[in-house]
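Down below is the structure, laid out as structure tokens.
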There are 2 protein chains.
Amino acid sequence: MSQKGAGVDLETSLGYLLKEASSALRAAMEEVLRPLGMTVTHYSCLELLAQRPGLSNSELARGTFVTRQSMNVLLQALERDGYVTRPAEAPVGKALPARLTPRGRRSLEKATVAVRSVELRMLAGMTETEQSEAFRLLKSMTHSLHGGNDAT
Amino acid sequence: MSQKGAGVDLETSLGYLLKEASSALRAAMEEVLRPLGMTVTHYSCLELLAQRPGLSNSELARGTFVTRQSMNVLLQALERDGYVTRPAEAPVGKALPARLTPRGRRSLEKATVAVRSVELRMLAGMTETEQSEAFRLLKSMTHSLHGGNDAT
DNA sequence: CAAGCTATGTCAGAATGCTGACATGAGTCA
DNA sequence: TGACTCATGTCAGCATTCTGACATAGCTTG
């Protein structure tokens, strides 16, 4: 129904396409993570922590694109369930460096395999050169949006 | 702080970059739409309706990447505030075709200008060719994620 | 024609994320 | 040293979106 007025302007908007691609990626990730009882933000937090041990709550929030308040409730849950640990006292300042527990690492391993399969599917049909080009173009868009006026 | 372990693997993940770009775009749109008292979903709904008059609630939901339940509450608010109209009875089936009111059209006009400026900023520094390439690559990613195995 | 399937609109409750606010620790500067 | 600014962790309340559920309309199929 209503397929009459197809292809107007949304079809030519990179912004719309970006949202569409991002939405598809998120949906695909949710699909493979659900059997593992894990959400996308949940996974993102663990992955970030695996690659950069000792990140603080605020840093994790920035890395996963949520507020530090949202990350805080997630971290408390992850800590309560034994996936991450944080010292009772801050070694410096107020920032509490978080680290994965062995349990968190095990849980992440399975999730990483699942998510990697999604990323591979997304890249299917793209040559190495095209992937590099996509990488470069996405970087350019992000940079231009972040207050930057000139892009490389 | 913790800038030590920079550039691990997240920096090479197209999925992460896609989320980063999408997040930056959304933030930029929120920033320019806030002075107009409009949210991103709000705007997306109006824009979609302007380009394809008569779309139903479910169709609008798919076009804006939210559930039809979420779109329903938004549509009811927009209808209550006089931005869109829907017939009391469905002309066919259960789908209620929605249309912009003059007020909705006026409201959209200002928003469109604001959003276009964001999109232009995002495309700054990209040549026509690069934009076409970004377009093609995003399409490929989305298509591959939607169950498709082969990409053009 | 009847049964089944799909899509739609809608209501209600739950989950998730965000804004506002406050106190604290560290660096800056006069 | 003291005032100022900034970043952080955290609590509370609010907003938005999602999941679950139900009734209905139209199409399909035997």
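Protein chains get the first letters and strands the later ones, always in sequence-line order, with residue 1 at the start of each.
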Rounding to a whole Å, what distance do you find between [X]:[atom1] and [N]:[atom2]?
{"X": "L96(B)", "N": "dT8(C)", "atom1": "CG", "atom2": "P", "answer": "12 Å"}
{"X": "E89(A)", "N": "dG9(D)", "atom1": "CD", "atom2": "P", "answer": "14 Å"}
{"X": "L75(B)", "N": "dT16(D)", "atom1": "CG", "atom2": "C1'", "answer": "15 Å"}
{"X": "E30(B)", "N": "dT16(D)", "atom1": "CD", "atom2": "P", "answer": "11 Å"}
{"X": "N57(A)", "N": "dC18(C)", "atom1": "CG", "atom2": "C1'", "answer": "14 Å"}
{"X": "Q76(A)", "N": "dT10(D)", "atom1": "CD", "atom2": "P", "answer": "6 Å"}
{"X": "L60(A)", "N": "dT8(D)", "atom1": "CG", "atom2": "P", "answer": "11 Å"}
{"X": "M71(B)", "N": "dG9(C)", "atom1": "CE", "atom2": "P", "answer": "11 Å"}

Residues that [X] engages under salt bridge (charged side-chain N to carboxylate O under 4.0 Å, His left out), provided they are two or more places apart:
{"X": "E30(A)", "result": "R26(A)"}
{"X": "E20(A)", "result": "none"}
{"X": "E79(A)", "result": "R86(A)"}
{"X": "E47(A)", "result": "none"}

message: I'd like to know whether CD of E31(A) has more than 12 heavy-atom contacts from other residues, nucleotides or ligands below 6.0 angstrom.
response: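 Result for CD/E31(A): open.
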
- line: Residues pairing under ring-ring contact (aromatic ring centres under 6.0 Å, His included) where one sits in residues 53-97 of chain A, two or more places apart or in two chains, turn out to be H42(A)-Y83(A), F65(A)-Y16(B)

task: Only pairs at least two apart or in different chains count here, so list each ring-ring contact (aromatic ring centres under 6.0 Å, His included) that has a residue in residues 91-127 of chain A.
output: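 Qualifying pairs: none.
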
message: Checking T85(A) now: which residues fulfil side chain to side chain donor-acceptor pair (under 3.5 Å) with it, not counting sequence neighbours?
response: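 Testing T85(A) for side chain to side chain donor-acceptor pair (under 3.5 Å), a comparison that skips the adjacent residues, returns none.
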
query: With sequence neighbours left out, what residues match S132(B) under side chain to side chain donor-acceptor pair (under 3.5 Å)?
result: none

Polar-atom pairs under 3.5 Å, protein N or O versus N or O of nucleotides 21-28 of chain D: list them with distances, or write none.
from, atom 1, to, atom 2, distance (Å)
dG26(D), OP1, G93(B), N, 3.1

message: Pick the closest DNA chain D nucleotide for R34(A) and for N72(A) by heavy atoms, then say which residue is nearer the 5' end.
response: N72(A)

field: dT8(D) phosphate, OP1 or OP2, under 4.0 Å from R86(A) side-chain N/O
entry: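 Negative; the distance criterion is not met.
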
query: Would you call E130(B) and R136(A) a salt bridge, taking side-chain N to carboxylate O under 4.0 Å as the test?
result: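 R136(A) and E130(B): salt-bridged.
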
- request: Using five pairs at either end of the helix from dC1(C)-dG30(D) to dA30(C)-dT1(D), determine the angle between the two local helix axes and round it to 10 degrees.
  value: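 It works out to 30° between the end axes.
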
R105(B): side-chain contact (heavy atoms from CB on, under 4.5 Å) partners, not counting sequence neighbours: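 Once residues adjacent in sequence are excluded, the partners of R105(B) under the side-chain contact (heavy atoms from CB on, under 4.5 Å) criterion are L100(B).
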
Below 3.5 Å between N/O atoms, which protein atoms pair up with nucleotides 15-17 of chain C? Just atom names and distances, please.
from, atom 1, to, atom 2, distance (Å)
dG17(C), OP1, T41(A), OG1, 2.9

